[in-house]
Amino acid sequence: MDTDAQLSERDRSPEPAKGEEQGSRSARISGDSPDEPAERAAGRSERLSFAAVGQWLTGGGPLRRAGLLLTACMIFLLLVSSYLVQPFLIPSRSMENTFQVGDRVLVNKLAYRFGGEPRRGDVVVFDGTDSFVQGGPPENPVAALVREGASAVGLMRPAETDYIKRVVGVGGDRVRCCDQRGRLEVNGRPVIEDYLHPGDTPSEVPFDIVVPEGKLWVMGDHRSDSRDSRDHLGEPGGGTVPVDRVIGRADWIGWPLGRMRSVKRPEAFARVPEPGQGPGHGGNPHG
């Protein structure tokens with residue numbers, strides 16, 4: 001047997017094809033991964049998508065850009081009004097002369113969020129459901145959505161169940177009207193209400209009530225043109241408003257420009273004693 005011939009024939013065989021092992025070794029040497037082309041393609045596709053979105057956002061002319069800017073501003077305002085400060089359109093004369101019809105009041109929603117509670121003299125916005133409004137008719141969902149969005153930026157009047165009044169009594173207070181000189185009394189102490197509408201008396205309707213804990217007794221500054229706690233004495237809740245229904249405290253008038261100012265708590269209640277400490281705090285059947 002001619003082994004040299006056999007070896008020669010064996011040597012004449014073509015160069016071995018790159019097998020799986022050699023290909024893998026070559027790939028490892030070059031540092032490439034078999035999946036890398038697909039990853040690169042995905043990256044390019046993602047970059048193209050971002051580029052397309054960016055082109056759409058910046059393109060389309062001034063009308064599209066204006067529309068996008070308006071949408072972004074509306075979203076920002078809705079977030080602010082939902083959690084921080086909400087404009088509230090004054091719909092009636094019940095708080096004159098502190099507020100006028102058409103004023104945009106800025107309601108501080110953080111005022112009582114971290115442990116604080118309404119104090120006597122504060123002007124608050126609250127949901128009067130089940131206190132001032134007993135089972136009102138349901139609102140159309142679409143109309144409610146439009147109204148909520150517009151009222152959130154002060155363009156429309158608030159819901160029919162939202163009210164703005166001044167806190168006159170807090171939980172445990174005895175609120176009475178009127179004393180022999182026609183003055184409101186809180187815990188036996190007369191209150192000089194210099195914020196009342198000119199010509200108004202503290203109340204033409206006599207009342208005497210002890211405010212339950214966790215509730216508020218609220219009244220409008222224009223007493224002769226305000227439906228407030230006095231008008232709901234015979235209803236569930238006795239005219240008082242639950243503290244947890246308070247939306248926020250009216251701290252500023254934001255519009256019109258000529259009336260822009262902060263809303264201060266009056267000094268009228270500064271000398272009112274705490275519940276149970278005044279000379280006239282004896283409780284009554286309405287408490």
Side-chain angles (χ1 to χ4, degrees), residues 80-81 83-129 131-133 151-152 154 157-171 173 175 177 184 186 191-198 200-203 211 214-232 239-256 258-272:
V80 170
S81 65
Y83 299 103
L84 300 177
V85 177
Q86 178 179 346
F88 184 91
L89 175 64
I90 300 296
S92 71
R93 302 177 59 202
S94 69
M95 285 297 293
E96 290 181 344
N97 280 338
T98 305
F99 304 125
Q100 305 288 339
V101 175
D103 282 353
R104 267 69 170 182
V105 176
L106 301 181
V107 179
N108 181 1
K109 290 192 167 185
L110 297 178
Y112 311 121
R113 186 162 293 180
F114 301 105
E117 290 195 353
R119 296 170 56 185
R120 306 179 196 97
D122 286 354
V123 177
V124 297
V125 174
F126 62 92
D127 179 2
T129 303
S131 57
F132 280 29
V133 179
S151 63
R157 63 183 297 157
E160 295 295 329
T161 56
D162 288 350
Y163 294 83
I164 182 167
K165 304 293 179 187
R166 190 179 298 276
V167 177
V168 173
V170 298
D173 284 347
V175 186
C177 198
L184 180 79
V186 180
V191 178
I192 309 301
E193 300 180 279
D194 55 3
Y195 47 78
L196 292 184
H197 186 275
D200 274 4
T201 60
S203 181
V211 183
K215 301 291 185 68
L216 303 172
W217 181 267
V218 297
M219 302 173 74
D221 289 355
H222 194 351
R223 297 286 162 80
S224 62
D225 197 8
S226 172
R227 288 185 57 83
D228 48 43
S229 288
R230 299 168 295 169
D231 297 280
H232 302 279
T240 58
V241 176
V243 171
D244 59 11
R245 291 283 190 175
V246 173
I247 296 170
R249 184 179 65 208
D251 280 352
W252 309 276
I253 299 176
W255 186 265
R259 288 181 49 77
M260 288 181 64
R261 61 181 177 86
S262 61
V263 180
K264 304 294 186 181
R265 182 184 299 115
E267 296 292 329
F269 298 91
R271 299 179 61 191
V272 171

Gap between atom CD of Glu117 and atom CG of Asp244 - 0.5 Å precision
10.0 Å
Determine whether Glu267 and Ile192 make a side-chain contact, defined as any pair of heavy atoms from C-beta on separated by less than 4.5 Å.
no
Are side-chain N/O atoms of Lys215 and Ser131 paired as donor and acceptor at under 3.5 Å?
no
Euclidean distance, Arg166 CZ relative to Ser226 OG, rounded to 0.5 Å
11.5 Å
Applying salt bridge (charged side-chain N to carboxylate O under 4.0 Å, His left out) to Arg230 and not counting sequence neighbours gives Asp228
Give the C-alpha distance, both sets of side-chain angles, the deciding distance and a yes or no for side-chain contact (heavy atoms from CB on, under 4.5 Å) between Val211 and Leu216.
CA-CA 7 Å; Val211 183; Leu216 303 172; 5.7 Å; no
Per the side chain to side chain contact (heavy atoms under 4.5 Å, CB included) rule, which among Val246, Val241, Val133, Asp162 passes with Asp127?
Asp162
Do Phe269 and Val168 come within less than 4.5 Å of each other through their side chains, counting heavy atoms only?
yes
Under 3.5 Å side-chain donor-acceptor pair for Ser94 and Asp225:
no
Where Met260 and Trp255 come nearest, the two heavy atoms and their spacing:
CG-N, 4.5 Å
Flag the pair Ile253 / Leu106 as yes when at least one side-chain heavy-atom distance between them is below 4.5 Å, and no otherwise.
no
Among residues two or more places apart or on two chains, list those pairs meeting ring-ring contact (aromatic ring centres under 6.0 Å, His included) that have a residue in residues 106-129.
Phe126-Phe132, Phe126-Tyr163
Locate the shortest heavy-atom distance separating Ile164 from Ala250; write the atom from each residue and the value.
CD1-CB, 4.1 Å
Side-chain donor/acceptor of Asn108 to backbone N/O of Arg249, under 3.5 Å
no
One should read off an interatomic distance between Leu196 CG and His222 NE2, to the nearest 0.5 angstrom, of 10.5 Å
So, Lys165 and Asp221, do they make that salt bridge, N to O below 4.0 Å?
no
Kindly write out the residues that satisfy salt bridge (charged side-chain N to carboxylate O under 4.0 Å, His left out) with Arg119, not counting sequence neighbours, or none if the list is empty.
none
Between His232 and Arg227, does a side-chain contact (heavy atoms from CB on, under 4.5 Å) hold up when you go through it step by step?
CA-CA 9 Å; His232 302 279; Arg227 288 185 57 83; 4.1 Å; yes
Output yes when a side-chain donor or acceptor of Ser229 lies under 3.5 Å from a complementary backbone atom of Val218, and no otherwise.
yes
Close side-chain approach of Gln100 to Ile90, heavy-atom, < 4.5 Å:
no
If you measure from CD on Glu193 to CG on Leu184, what distance do you get to the nearest 0.5 Å?
4.5 Å
Can you name the nearest heavy-atom pair linking Val175 to Gly169, along with the distance?
CG2-CA, 3.9 Å
Report yes if some heavy atom in the side chain of Thr129 is under 4.5 Å from a heavy atom in the side chain of Arg245; otherwise report no.
yes
What one should report as the nearest heavy-atom pair of Asp103 and Pro256 is OD1-CD, 3.4 Å
Can you measure from CZ (Phe99) to CG (Leu89) and round to the nearest 0.5 angstrom?
12.5 Å
Side-chain donor or acceptor of Arg104 paired with backbone N/O of Gly102 under 3.5 Å:
yes
The reported gap from NZ in Lys264 to CG in Asp251 (rounded to nearest 0.5 angstrom) is 9.0 Å
